[in-house]
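Notes for the one structure printed next.
In the text below, chain A, chain B and the rest are named by the order of the sequence lines, each starting its count at 1. This is a predicted model, so every value here is computed, not measured.
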2 protein chains.
Amino acid sequence: MPSTYKYPRPALTVDCVVFGLDDADLKVLLIQRDLEPHRGGWALPGGFVHVDEDLDQAAMRELREETGVDRVFLEQLYTFGALGRDPRERVVTVAYYALVKLLDHRVQAATDARSAAWFAADELPTLAFDHAEIVAVALARLRGKVRYQPIGFELLPPKFTLSQLQHLYEVVLERPLDKRNFRKKVLSLKLLEELDEVEQDVAHRAARLYRFDERRYKKLVKQGFNFEI
Amino acid sequence: MPSTYKYPRPALTVDCVVFGLDDADLKVLLIQRDLEPHRGGWALPGGFVHVDEDLDQAAMRELREETGVDRVFLEQLYTFGALGRDPRERVVTVAYYALVKLLDHRVQAATDARSAAWFAADELPTLAFDHAEIVAVALARLRGKVRYQPIGFELLPPKFTLSQLQHLYEVVLERPLDKRNFRKKVLSLKLLEELDEVEQDVAHRAARLYRFDERRYKKLVKQGFNFEI
DNA sequence: CCAAAAGTGTTTCACGTACACCCATGC
DNA sequence: GCATGGGTGTACGTGAAACACTTTTGG
């Protein structure tokens, strides 16, 4: 049933920039719009905030509904409210960014009713609305934050090699890192648990697997520890 | 005239955490509410976003209308949208924080029709709605950001002494800093212009005045420079 | 002349950075 | 046996941190 208010209200939406990482580079998950405006164009997953759900819930719901992505790292990014950012009416959107383990989510995105696909973050198609700006802000946030918060692990499988971890930082920070210095640095943090396991099915010496020790990290943070890479 | 929509919409507001600095400590500007709920209680300046103004404009307008504060550093903080944060109806608020030169704004705030007052940031009265949480987030942002962005200068007069600057960092970061190391560090950044002026009317040796060289800062940023204190 | 804050250098230590070779494995 | 990435140590330089006394000015 319709609702009436004394003064006009902006519509409120959420949009999500979903990042994933593969062997080659950083990816962003986009959906193809099935409505005007920009019908058929690529856009960020998102939609209207229901009046009885909070913002984080709305973002998670839209992500699940439109891309099948669920139970991932999700953090509010920035709220975009420029006049005219949506040609139909005034729409304010609370943008989020998500970090997913790409291997877990490759299939769902591709097989969803709505067409969804991963694009290299530095080769995105033209995006609807102001979504290109939102992605730019999300990238900047990710680049800034990955250095002083251990969020990079959200992009990797639970067990990973040090080379995978280094590759992650190289891709996100867009610069090469020295292998020995990188390993020295991350191991000195004492946040990685060395497993008695190695990679499988590689055509060369198998690398040791590590796991991020989240319990230990939280304990150290309480003691004033600051993650930094 | 009233507006009708197919689905109910949250109300959208902006709220501002205004920081100022005096000799003693960091202050926050609050207003006394003249409407229910929390009538007579202290709250952040803020109000509804008009449908024809963008978010930054709305924040600036509310700040001007409610406190007389104008032309100050203002930056979006975070958007708060928990269910029940306003007892009347669903209200989503885009929070901002502002940094003002307290001496410029002491009078207006006190003489405005609405009662406004500065409170020490660590001794705030009970606040309406979830405003205490908003202030906490703003403080965390300020503490984090002051170290790697030259925003602290927004809290000082255009000409200031190195001791004032050090005091600023000590108050915001909540820890004492070594005088010699601090001076060495800030001067090494080459962002302060040493003036041929000293403090006036002090009962001891007058300190030299400095000015933040914003042009130089912007130029250095373009060359990849990163401010850090 | 006393109170109050301004101003000034050196030493030490930790950490970031640069850098090259041998090892294990699968094919 | 060869191609591919895994894994390892040292030397150097920069910058952070610790630390105390003299100078200037007004009252």
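At the heavy-atom level, A:S163 lies under 4.0 Å from the strands shown only through sugar-phosphate atoms.
Look at NZ on A:K184: it is 10 Å from C1' on D:dT8, rounded to the nearest Å. Following rounding to the nearest Å, B:N226 (CG) and D:dG15 (C1') show an atom-to-atom distance of 16 Å. If you take NE2 of B:H167 and C1' of C:dA6, they are 17 Å apart, rounded to a whole angstrom. Rounded to an integer number of Å, the gap from CZ of B:F182 to P of D:dG15 is 18 Å. Atom CD in B:Q166 sits roughly 13 Å away from atom P in C:dA5 (whole-Å rounding). Atom CD of A:Q164 is separated from atom C1' of D:dG7 by 16 Å (rounded to the nearest Å). Straight-line distance from the CZ atom of A:F160 to the C1' atom of D:dG5: 18 Å, rounded to whole Å. Across the protein-nucleic acid pair, B:R208 atom CZ and D:dT25 atom C1' stand 15 Å apart, rounded to whole Å.
Taking the nucleotide of DNA chain C with the nearest heavy atom to each of A:N181 and B:L162, the more 5' of the two is matched to B:L162. Along DNA chain C, the nucleotide nearest B:L187 and the nucleotide nearest A:H204 are compared for position; the residue whose nucleotide lies closer to the 5' end is B:L187.
Between B:K185 and D:dA16 there is a side-chain N or O to OP1 or OP2 distance below 4.0 Å.
Under 3.5 Å, the side chains of A:Y97 and A:E75 contain a donor-acceptor pair of N or O atoms.
Side chains of A:L77 and A:V137 form a contact here, defined as non-hydrogen atoms less than 4.5 Å apart.
A heavy atom closer than 4.0 Å to some atom of DNA chain C occurs in B:K179, B:R180, these being the qualifying members of residues 168-180 of chain B.
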For residues 155-180 of chain A, dump all side-chain donor-acceptor pairs below 3.5 Å to protein atoms at least two apart in sequence or in another chain.
from: A:K159; atom 1: NZ; to: A:E197; atom 2: OE1; distance (Å): 3.4
from: A:K159; atom 1: NZ; to: A:E197; atom 2: OE2; distance (Å): 2.7
from: A:T161; atom 1: OG1; to: A:S163; atom 2: N; distance (Å): 3.4
from: A:T161; atom 1: OG1; to: A:Q164; atom 2: N; distance (Å): 3.0
from: A:Q164; atom 1: OE1; to: A:T161; atom 2: N; distance (Å): 2.8
from: A:Q166; atom 1: NE2; to: A:E170; atom 2: OE2; distance (Å): 3.1
from: A:Q166; atom 1: NE2; to: A:L177; atom 2: O; distance (Å): 2.9
from: A:H167; atom 1: NE2; to: A:D22; atom 2: O; distance (Å): 3.4
from: A:H167; atom 1: NE2; to: A:D23; atom 2: O; distance (Å): 2.8
from: A:E170; atom 1: OE2; to: A:L177; atom 2: N; distance (Å): 2.8
from: A:E174; atom 1: OE1; to: A:R143; atom 2: NH2; distance (Å): 3.4
from: A:D178; atom 1: OD2; to: A:R180; atom 2: N; distance (Å): 3.2
from: A:D178; atom 1: OD2; to: A:N181; atom 2: N; distance (Å): 2.8
from: A:D178; atom 1: OD2; to: A:N181; atom 2: ND2; distance (Å): 3.3

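For A:R183, the listed nucleotide lying nearest its side chain is D:dT8; candidates were D:dT25, D:dT8, D:dG27. Here C:dT25 is the nucleotide among C:dA6, C:dT25, C:dC19 with the atom lying nearest to any side-chain atom of A:R205.
A:T93 contributes no side-chain N or O that, together with a main-chain N or O of A:A95, makes up a donor-acceptor pair within less than 3.5 Å. Looking only at distances, a side-chain donor or acceptor of B:H131 sits under 3.5 Å from a matching main-chain atom of B:L44.
Taking the six-membered ring where the residue is Trp, the centroids of B:Y78 and B:F80 are separated by under 6.0 Å.
Within the structure, side-chain hydrogen bond (donor to acceptor under 3.5 Å, both in side chains) contacts touching residues 198-225 of chain B (residues at least two apart or in different chains) are B:E194-B:R208.
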